[in-house]
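Notes follow the structure.
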Amino acid sequence: MRVMEKTAPPESGLPPAPGAEQYPALALANSAVALPGGHYTDQLGTPAGANEWLTERGLAPVEIGMRETCATQLRSLREQIRSLLASRVDGLPALPAALGAVNDALIRVPTAPLLQWDDKAGPYRAAPHPTTQIVDHALATLAADAADLLTSPDAERLTACGSPPCNRYLLRHGRRHWCSTRCGDRARAARAYARRGSTPS
């Protein structure tokens, strides 16, 4: 098995996949991209990268002091949303863990200060840590967006990019099954190469 190497997000050079600007959950699913040569890029690979990704979509302030635990939660939700998209595209039942994770994110945002208990001072009420609260709100927003996508008419157009090793999802327009011109060119080149290889000499 080839070990994947991280590359910086800009090196992927890929525009957003069709539908990703309309559905932030689709953009989240595509925030880790497999590239040719066994490389990949992960926009959420660091707390700073996760903070930047959320900020670009209006889901967090420019600097919230994102911690690794929060970035890990965002990456975990991404994998669960990817699982649900794959189930929808392949016409398979959803994994219960993926459904549970999305539903859990939907109900994470507290509507009131939570009850806390100090061993010496006793019970008190307090809101969660501000960073955690912002991240919980972002997770809930992204989970709701994923639920909206999967239950909308657009779900019929949901497909996986047809150019390996790309692992992005998109909303199909016509017969196009590629997330970008680059992936389309690579798929056409692979088909042409396969035809040449199978032509009798």
Side-chain angles (χ1 to χ4, degrees), residues 1-14 16-17 20-21 23-35 37-87 94-119 124-147 149-150 165-169 179:
M1 179 185 226
R2 178 176 291 171
V3 176
M4 291 185 137
E5 301 172 8
K6 282 189 180 181
T7 56
E11 291 180 18
S12 70
L14 292 172
E21 292 178 332
Y23 290 100
L26 191 56
L28 176 65
N30 292 337
S31 62
V33 183
L35 301 169
H39 299 279
Y40 81 106
T41 179
D42 187 349
Q43 295 174 307
L44 311 179
T46 64
N51 195 149
E52 182 180 348
W53 190 92
L54 290 173
T55 300
E56 288 172 354
R57 285 151 189 86
L59 295 172
V62 172
E63 183 48 62
I64 59 169
M66 177 80 72
R67 298 173 299 187
E68 179 56 34
T69 54
C70 294
T72 298
Q73 287 179 318
L74 189 58
R75 291 191 296 267
S76 177
L77 181 63
R78 172 181 66 196
E79 296 315 308
Q80 301 302 342
I81 289 175
R82 285 187 60 80
S83 173
L84 293 175
L85 296 180
S87 294
L95 294 176
L99 277 177
V102 168
N103 285 328
D104 180 58
L106 283 169
I107 59 173
R108 282 184 96 140
V109 180
T111 57
L114 303 179
L115 179 64
Q116 308 287 340
W117 203 284
D118 183 89
D119 290 341
Y124 66 98
R125 293 185 72 183
H129 183 279
T131 299
T132 303
Q133 198 169 30
I134 289 168
V135 172
D136 283 347
H137 183 268
L139 292 173
T141 301
L142 291 163
D145 189 68
L149 169 59
L150 289 165
C166 186
N167 61 340
R168 298 204 304 172
Y169 289 94
C179 70

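- Panel note: side chain Asp104, backbone Gly100; no donor-acceptor pair is recorded below 3.5 Å.
- In this structure Asp119 satisfies the side chain to side chain contact (heavy atoms under 4.5 Å, CB included) test with no other residue, sequence neighbours excluded.
- Residue Val135 comes nearest to Gln73 through the heavy atom pair CG1-OE1, 3.9 Å, listed as atom of the first residue, atom of the second, then distance.
- Taking a 6.0 Å sphere around CD of Glu79, one finds it holds more than 12 heavy atoms contributed by other residues, nucleotides or ligands.
- Judged by distance alone, with hydrogens and angles left aside, the side-chain atoms of Ser31 form a donor-acceptor pair with the main-chain N or O of Leu28 at under 3.5 Å.
- Across Pro165 and Ala34, no two heavy atoms sit closer than the pair O-CB, 3.3 Å.
- Every residue two or more places apart in sequence or in another chain was checked for a side chain to side chain contact (heavy atoms under 4.5 Å, CB included) with Ala147, and none qualifies.
- Every residue meeting the side chain to side chain contact (heavy atoms under 4.5 Å, CB included) condition with Ala146, not counting sequence neighbours, appears here in chain and number order: Ala25, Ile81.
- Between Ala71 and Pro47 the shortest heavy-atom distance is CB-CA, 4.0 Å.
- The CG atom of Leu85 sits 5.5 Å away from the CG atom of Leu150 when rounded to the nearest 0.5 Å.
- Scanning for side-chain hydrogen bond (donor to acceptor under 3.5 Å, both in side chains) contacts around Asn51 gives Thr55, with sequence neighbours left out.
- In this structure, CG on Leu59 lies 5.5 Å from CG on Leu142, to the nearest 0.5 angstrom.
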* Can you list the steps and then say if Leu99 with Gln80 is a side-chain contact (heavy atoms from CB on, under 4.5 Å)? -> CA-CA 8 Å; Leu99 277 177; Gln80 301 302 342; over 6 Å; no

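- When the salt bridge (charged side-chain N to carboxylate O under 4.0 Å, His left out) test is applied to Arg75, the partners found at least two apart in sequence or on another chain are Glu68.
- Residues passing the side chain to side chain contact (heavy atoms under 4.5 Å, CB included) test with Ala32, sequence neighbours excluded: Asp42, Arg78.
- The nearest pair of heavy atoms linking Ala50 to Leu44 is CA-CD2, 3.9 Å.
- One finds the CZ atom of Arg57 at 11.0 Å from the CG atom of Asp145 (value rounded to the nearest 0.5 Å).
- Nearest heavy-atom pair, Gly49 versus Thr46, reported as atom, atom and distance to 0.1 Å: N-OG1, 2.9 Å.
- Summarising the geometry, atom CG belonging to Leu77 is positioned 5.5 Å from atom CG belonging to Leu139; distances are rounded to the nearest 0.5 Å.
- Of all the heavy atoms in Ala98 and Ser83, the pair that sits closest is CB-OG, 3.8 Å.
- Interatomic distance, Tyr40 OH to Asn167 CG, rounded to the nearest 0.5 Å: 11.0 Å.
- A distance of 9.5 Å separates OG1 in Thr141 from CG in Leu106, rounded to the nearest 0.5 Å.
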